[in-house]
Amino acid sequence: MRNLRYLVQPGGALCGHLRVPGDKSISHRAIMFGALAKGITTITGFLEGEDCLATLNAFRAMGVRIDGPEQGQVTVHGVGLYGLRAPDGPLDMGNSGTSMRLMSGILAGQAFDTVLTGDTSLTRRPMRRVTDPLTKMGACIETTVNGAAPLHIHGNQRLSGIDYLLPVASAQVKSCLLLAGLYAEGVTRITEPAPARDHTERMLEGFGYPLERENDRSVAITGGRQLTGRAIDVPADLSSAAFFLAGASIAPGSDLLLEHVGINPTRTGVIDILRLMGADIEVLNSRQAGGEPVADLRVRHAPLHGVRIPEELVPLAIDEFPALFIAAACAKGVTILTGATELRIKESDRIQVMADGLTALGIAAEPTPDGLIIEGGAFSSGTVESHGDHRIAMSFAIAALRASGPLSIHDCANVNTSFPGFVGLACNAGLQIMEQTP
Ligand code: S3P
């Protein structure tokens, strides 16, 4: 459905309360660890988006019994670290970089060969960042000449632990190597240049697997132990809540409560950056759920001003920049992002695609090699290409709250990869959005 478009009428405010779908990163990991554990894992709040379903289907194809998902409930009948079976054919990871990169770590340690493939976006994304360190561990993986998928992963290799300094702050690479470390002889130690999301570490500990967290930059795991199934309550995804945090901040009259949102400190850069810009966000009723901190977030409209985004916040808000750019476009003055080259290799080149969309709507946006300079202004009516990137599509949808006329956003089907039901929830909150299939 490349042709799915959003038509969004201008104006309105976001009000009431809502719960966005489950956290994508945690949902992927709950399936993976549940499958590799001994015993049963029950998951509630699971994200039934296409990305996490790709992970779920891959484990089904390798012989794991998984009941559901039904209204966010999934039961995984774990097979243990050595219980997976060879799948009948290639495993299709769709649009999901997290599935492909984390699964490559697991599959490098199996006794059978596998092939990982994906859609046109995923097969353009860089995979050497995982295949290079996995090869150092003893894995045998073939990529295309460009270092991309399909990945041909050869089984029956002896993996050994390595001491690895990540060249970029990437939770996907860190998690891939920790998962391979489960199958490696000796210690796998990973050091990050800056902290990236730590859901894998928290979940390993939750499944009873010993882990050494040496400081906030280094983690070490020793192979050969065992994971034990458990119950996991997946909080709402802060990355999905981000569209509403930005939307309510820019739309006069907004007052919105986002319920049960994950506020893991390795993810909360979006709240910090919006607050630096003057946003009114309250963190209410903080509590723990399944080893992760959660809270309700109340956001009200506030006048925003441009900021120079501190580089140390970049890895902590890496998926939220499309929404933050919309907030910056509505802010008084200039916002400058640097140190964010990683944005160029997400589901799309998010620096270029956002700059093009902002420019199409009359906002001055100048891309730089590692960031974007945005001058606050007023959105005109217009048409935006999302290039099949879910977060670009949803970001421009909320821009309509401050546009002078309707916005037409093209190529929106991939919103289902991370946020099924986005249109319905956004409508209920006050966005005048409808889907069109021309
Ligand atoms: C993710 C890590 C991040 C993020 C992605 C989810 C994860 O990617 O962009 O959406 O679940 O580990 P990188 O590790 O490439 O930064």
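Any value given below was found using the heavy atoms of this structure, including those in side chains, with hydrogens, waters and symmetry copies removed. If you're wondering where the values come from, they're calculated on a predicted model, not measured in any experiment.
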Gap between atom [atom2] of [Y] and atom [atom1] of [X] - 0.5 Å precision:
X: T143; Y: L116; atom1: OG1; atom2: CG; value: 12.5 Å
X: D119; Y: N414; atom1: CG; atom2: CG; value: 6.5 Å
X: T191; Y: E214; atom1: OG1; atom2: CD; value: 7.0 Å
X: E385; Y: H410; atom1: CD; atom2: NE2; value: 5.5 Å
X: L324; Y: M277; atom1: CG; atom2: CE; value: 7.0 Å

### Query
Do Y82 and Y183 have ring centres separated by under 6.0 Å?
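Under 6.0 Å, so yes.
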
### Parallel, tilted or perpendicular: ring planes of F325 versus F321, cut at 30 and 60 degrees
tilted

Test your reading of the model: is there a side-chain donor-acceptor pair from [X] to the backbone of [Y], 3.5 Å cut-off?
X: D370; Y: G339; answer: yes
X: Y209; Y: R225; answer: yes
X: D296; Y: H260; answer: yes
X: R60; Y: L56; answer: no
X: S254; Y: A251; answer: yes
X: E48; Y: Q71; answer: yes

### Message
When you compare the side chain of P87 with that of T114, does any pair of heavy atoms fall below 4.5 Å?
### Response
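The answer is yes; the side chains approach within 4.5 Å.
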
### Query
Do the charged groups of K174 and D198 touch, with an N to O distance under 4.0 Å?
no

